[in-house]
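Here the structure is laid out as structure tokens; the discussion comes afterwards.
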Amino acid sequence: MSRIVEPRYDTAGKLIQEHDVLKDEETGEMALVVQTENKAGVRGLAVQNTIIGLGDWLDVYPDGVWTVVGNAGTLIV
């Protein structure tokens, strides 16, 4: 049975979702939220920024670390 990464909430109490663009309020680092799964079957949301080498499960961060600044999946027509 696979484990699912636990949900996290941003500095305003908003549920962090896939494709959200995040800012770490402590460091200023930016990240994108992606859906992923590892070889052990753990699946869920992770934060990623390949430019700076950031990549980790979202639930390793406590609630309130990140601020959602937008969503990369937003399309305005």
Side-chain angles (χ1 to χ4, degrees):
M1 185 162 126
S2 65
R3 182 178 79 86
I4 297 175
V5 175
E6 296 177 13
R8 287 292 180 257
Y9 296 86
D10 81 346
T11 54
K14 179 181 176 188
L15 179 65
I16 297 173
Q17 298 182 53
E18 186 176 12
H19 301 140
D20 279 347
V21 178
L22 305 176
K23 178 181 178 185
D24 183 319
E25 289 300 329
E26 218 173 85
T27 66
E29 294 173 330
M30 302 295 291
L32 179 64
V33 179
V34 296
Q35 188 72 240
T36 192
E37 183 173 349
N38 68 13
K39 293 177 184 177
V42 177
R43 59 187 168 84
L45 298 178
V47 292
Q48 183 178 48
N49 182 332
T50 57
I51 298 168
I52 63 171
L54 178 65
D56 217 334
W57 295 109
L58 180 60
D59 68 353
V60 302
Y61 299 94
D63 288 334
V65 169
W66 298 102
T67 298
V68 175
V69 295
N71 188 288
T74 302
L75 174 65
I76 300 180
V77 288

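Judged purely by atom type and a 3.5 angstrom limit, R8 uses its side chain to pair as donor or acceptor with the backbone of D59. A side-chain donor-acceptor contact under 3.5 Å links N71 to the backbone of E18.
Closest non-hydrogen pair, G64 versus T11, comes out as O-CG2, 3.1 Å. Across every non-hydrogen atom of A72 and V21, the tightest pair is N-CG2, 3.9 Å.
One distance of note links NZ of K23 with CG of D10; it measures 13.0 Å at 0.5 Å rounding. The structure places CG of L22 at 8.5 Å from OG1 of T67, a figure rounded to the nearest 0.5 Å. Taking CG from D63 and OH from Y9, the interatomic distance works out to 7.5 Å, rounded to the nearest 0.5 Å. Summarising the geometry, atom CZ belonging to R43 is positioned 8.0 Å from atom CD belonging to Q35; distances are rounded to the nearest 0.5 Å.
By the criterion of side-chain heavy atoms lying less than 4.5 angstrom apart, applied directly or through intervening Ile, Leu, Val, Met, Phe, Trp or Tyr residues, W57 is grouped together with I16 in one hydrophobic cluster. Linking ILVMFWY residues whenever their side-chain heavy atoms come closer than 4.5 Å, directly or via other members, leaves W66 and V69 in distinct clusters. Put simply, Y61 and V68 are part of the same group of oily side chains (I, L, V, M, F, W, Y) that touch within less than 4.5 Å, one to the next. Both V42 and V33 belong to a single network of hydrophobic side chains, linked directly or stepwise wherever heavy atoms of I, L, V, M, F, W or Y lie under 4.5 Å apart.
Under the side chain to side chain contact (heavy atoms under 4.5 Å, CB included) criterion, T27 pairs with D24, E29, sequence neighbours left out. Take L75 and apply the side chain to side chain contact (heavy atoms under 4.5 Å, CB included) test, not counting sequence neighbours, and it matches V77.
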Give every donor-acceptor pair under 3.5 Å between a side-chain atom in residues 47-55 and any protein atom, sequence neighbours left out.
unit_1	atom_1	unit_2	atom_2	d
N49	OD1	I51	N	3.0
N49	OD1	I52	N	3.3
N49	ND2	M30	O	2.8

